[in-house]
Undergrad: 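Just dropping this structure here.
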Amino acid sequence: MSINMLIYFVFFMIFVGVTVALYQVYDIHYNINIGNDKKLSKADKSRLKVLSEQAKTAQQNHAWADFEQSAANAFGPEFNRDIALAAFSEEEAGSYAIPLLRRKKRLSFNGVREGAESNCIKVHHLPFWKTTLPRTNIRAALIILVILNCFLVQLLAAMSVYTLGYPVSTPWLAWLNDPMAVMLLIYAFIFASLLITKFDRYMHDLYQLGKLFKNKAV
């Protein structure tokens with residue numbers, strides 16, 4: 001590949017990077033407001049529909065058998081029925097039901113009656129690392145980081161064009177004159193935003209479950 005072709009390729013990839021960064025901002029907004037269930041498995045999507053319908057029926061007709069059986073199949077026979085009912089009777093499934101389905105395998109209850117003591121519920125992040133459910137919602141801070149990364153990507157892309165005619169002379173900023181270095185940094189920001197988005201979904205699910213077990217326990 002000739003030098004000119006390489007430069008054209010680098011600038012094309014910078015343009016692609018800007019597009020991806022803008023999409024990441026849209027994607028995190030979509031996940032929060034619309035597509036919160038898109039990371040559920042097909043089995044959990046089916047459970048979400050069935051449990052939501054059965055929860056409404058159970059509340060209206062006081063017929064608990066079907067709901068209790070479905071909840072036991074999804075979460076285990078010892079799971080607190082009232083907690084499950086509180087989660088699946090919410091009009092907005094993303095509040096509690098979806099986080100509960102998505103993170104159920106990471107929860108342990110240390111032998112207590114599920115939902116009776118929220119501070120006894122543990123989250124197994126890794127085999128050697130577990131904590132209680134978070135009490136602080138850090139979503140706003142993480143969204144700001146994604147938006148900031150998007151802004152930095154656009155700034156770097158603009159600088160890559162600007163330095164073609166006006167090279168930066170400041171020694172510690174001289175790397176801005178190298179489109180390849182700028183491109184690599186842009187994709188580093190994109191990768192960071194991807195990790196932040198995944199971390200946001202994970203932590204917000206746990207935060208919502210903390211609210212569920214604390215406020216809905218009976």
Undergrad: Does the Arg47 side chain pair with the main chain of Ala74, one donor and one acceptor, at a distance under 3.5 Å?
TA: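 No: the side chain of Arg47 does not pair with the backbone of Ala74.
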Undergrad: Could you see if Leu152 belongs to whatever hydrophobic cluster contains Ile14? Use Ile, Leu, Val, Met, Phe, Trp, Tyr and a side-chain cutoff under 4.5 Å.
TA: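 Leu152 and Ile14: one cluster.
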Undergrad: Which heavy-atom pair separates Gly17 from Val153 by the least distance, and what is that distance?
TA: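 Shortest heavy-atom contact: O-CG1, 4.0 Å.
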Undergrad: Ignoring hydrogens and angles, tell me if any N or O in the side chain of Ser41 forms a donor-acceptor pair with the backbone of Asp44 under 3.5 Å.
TA: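 Present.
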Undergrad: How many angstroms lie between CG in Leu194 and CG in Asn149, if you round to the nearest 0.5 Å?
TA: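 Those atoms lie 11.0 Å apart.
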Undergrad: Enter the distance from Leu212:CG to Leu206:CG here, rounded to the nearest 0.5 Å.
TA: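 Spacing of CG (Leu212) from CG (Leu206) equals 12.0 Å.
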Undergrad: Under 4.5 Å between side-chain heavy atoms, counting indirect links through other Ile/Leu/Val/Met/Phe/Trp/Tyr residues: same cluster for Ile147 and Ile138 or not?
TA: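 Cluster IDs for Ile147 and Ile138 match.
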Undergrad: When you group the ILVMFWY residues by side-chain heavy-atom contacts below 4.5 Å and let the links chain together, are Val168 and Trp172 in the same group?
TA: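 As far as the 4.5 Å side-chain criterion goes, Val168 and Trp172 are connected within one cluster.
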Undergrad: Are Arg139 and Ile32 packed together at the side-chain level, in the sense that at least one heavy-atom pair is separated by less than 4.5 angstrom?
TA: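 SC-SC contact between Arg139 and Ile32 confirmed.
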Undergrad: Verify, without hydrogens or angle tests, whether Asn33 (side chain) and Tyr30 (backbone) share a donor-acceptor contact under 3.5 angstrom.
TA: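 Such a contact is absent between Asn33 side chain and Tyr30 backbone.
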Undergrad: Hey, are the side chains of Val123 and Lys130 touching, using non-hydrogen atoms and a 4.5 Å cut-off?
TA: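 SC-SC contact between Val123 and Lys130 ruled out.
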Undergrad: Are Leu164 and Phe11 close enough that some pair of their side-chain heavy atoms sits under 4.5 Å apart?
TA: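 SC-SC contact between Leu164 and Phe11 confirmed.
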Undergrad: Gln154: which residues meet the side chain to side chain contact (heavy atoms under 4.5 Å, CB included) condition with it, sequence neighbours left out?
TA: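 Partners of Gln154 by the side chain to side chain contact (heavy atoms under 4.5 Å, CB included) criterion, ordered by chain and then number, come out as Val18, Leu22, Cys150.
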Undergrad: Can you name the nearest heavy-atom pair linking Arg135 to Tyr207, along with the distance?
TA: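 For Arg135 versus Tyr207, the nearest heavy atoms are O-CE1, 3.5 Å.
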Undergrad: Can you confirm whether Phe213 sits close enough to Ile83 that some side-chain heavy atom of one is under 4.5 Å from a side-chain heavy atom of the other?
TA: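 SC-SC contact between Phe213 and Ile83 confirmed.
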Undergrad: Assess whether atom NZ of Lys45 is packed by more than 12 heavy atoms of other residues, nucleotides or ligands within 6.0 Å.
TA: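 Yes - once you tally the heavy atoms of other residues, nucleotides and ligands closer than 6.0 Å, there are more than 12.
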Undergrad: Are Met183 and Ile7 co-members of a hydrophobic cluster defined by side-chain heavy atoms under 4.5 Å apart?
TA: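 The answer is yes; both residues are in one hydrophobic cluster.
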Undergrad: When you compare the side chain of Leu133 with that of Leu107, does any pair of heavy atoms fall below 4.5 Å?
TA: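 Yes. Closest side-chain heavy atoms under 4.5 Å.
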Undergrad: Of all heavy-atom pairs between Met13 and Tyr187, which one has the smallest distance, and what is that distance?
TA: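 It is O-OH, 2.8 Å.
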Undergrad: Membership question, hydrophobic clusters at under 4.5 Å side-chain separation (ILVMFWY): are Val182 and Met180 in the same one?
TA: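 They do share one cluster, since a chain of ILVMFWY contacts under 4.5 Å joins Met180 to Val182.
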Undergrad: What's the spacing between Gln24 CD and Phe189 CZ if we round to 0.5 Å?
TA: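 These two atoms lie 12.0 Å from each other.
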Undergrad: Does a side-chain heavy-atom distance below 4.5 Å link Thr57 with Trp64?
TA: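 No. Closest side-chain heavy atoms not under 4.5 Å.
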Undergrad: Do you know the tightest heavy-atom contact between Tyr202 and His125?
TA: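 Closest approach of Tyr202 to His125: OH-ND1, 2.6 Å.
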Undergrad: Would the distance check show the side chain of Arg81 and the main-chain N or O of Glu68 forming a donor-acceptor pair, the cut-off being under 3.5 Å?
TA: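 Not a single qualifying donor-acceptor pair exists.
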Undergrad: Applying side chain to side chain contact (heavy atoms under 4.5 Å, CB included), can you list everything that pairs with Leu145, at least two apart in sequence or on another chain?
TA: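 Side chain to side chain contact (heavy atoms under 4.5 Å, CB included) list for Leu145, sorted by chain: Leu142, Ile196.
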Undergrad: How many angstroms lie between atom NE2 of His204 and atom CZ of Arg201, to the nearest 0.5 angstrom?
TA: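 Between atom NE2 of His204 and atom CZ of Arg201 there are 11.5 Å.
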Undergrad: Backbone N or O of Glu53 within a donor-acceptor pair of the Lys56 side chain at under 3.5 Å?
TA: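 Not at all, since once roles are kept as given, no pair shorter than 3.5 Å links the two residues.
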Undergrad: Kindly state whether the ring of Tyr26 and the ring of Tyr23 have centres lying under 6.0 angstrom apart.
TA: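 Between Tyr23 and Tyr26, which both carry aromatic rings, the centre distance is below 6.0 Å.
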Undergrad: When rounded to the nearest 0.5 angstrom, what distance separates NZ in Lys211 from OH in Tyr96?
TA: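 Output value for this atom pair is 4.5 Å.
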Undergrad: Using a 3.5 Å distance criterion without hydrogens, assess whether the side chain of Gln208 forms a donor-acceptor pair with backbone atoms of Ser95.
TA: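 Answer holds: yes.
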Undergrad: Would a 4.5 Å heavy-atom cut-off, applied to side chains only, mark Leu156 and Leu176 as touching?
TA: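 In short, these two side chains touch, coming nearer than 4.5 Å.
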Undergrad: On a heavy-atom basis, which atom in Ala97 and which in Leu48 lie closest, and how many Å separate them?
TA: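 That closest heavy-atom pairing would be CB-CD1, 3.8 Å.
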Undergrad: Ring-plane angle category for Phe88 and Phe67, please: parallel below 30°, perpendicular beyond 60°, tilted otherwise.
TA: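 Phe88 vs Phe67 ring planes: perpendicular.
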Undergrad: Given 3.5 Å as the limit, does a donor-acceptor pair link the side chain of Ser46 with the main chain of Lys42, or not?
TA: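 It does not hold such a pair.
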Undergrad: Write down the atom of Ala55, the atom of Ser89, and the distance for their closest heavy-atom approach.
TA: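 Shortest heavy-atom contact: CB-N, 4.1 Å.
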Undergrad: With side chains defined as the heavy atoms from C-beta onward, is the minimum distance between Asp178 and Thr163 less than 4.5 Å?
TA: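 They are not in contact (no side-chain heavy atoms under 4.5 Å apart), so the answer is no.
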Undergrad: Count the heavy atoms of every other residue, nucleotide or ligand shown that sit under 6.0 Å from NE2 of His29, and state whether that count exceeds 12.
TA: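 No, NE2 of His29 has 12 or fewer neighbouring heavy atoms, counting only those of other groups under 6.0 Å.
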Undergrad: Spell out, as yes or no, whether a donor-acceptor pair under 3.5 Å connects the side chain of Glu90 to the backbone of Glu92.
TA: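 A pair under 3.5 Å: no.
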Undergrad: Under a plain distance cut-off of 3.5 Å, with no hydrogens placed, do Gln54 and Ser70 share a side-chain donor-acceptor pair?
TA: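 Yes, Gln54 and Ser70 have a side-chain donor paired with an acceptor closer than 3.5 Å.
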Undergrad: First locate atom CG of Leu209, then atom CG of Leu100, and finally report the distance between them rounded to the nearest 0.5 Å.
TA: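 One gets 6.0 Å once the value is rounded to the nearest 0.5 Å.
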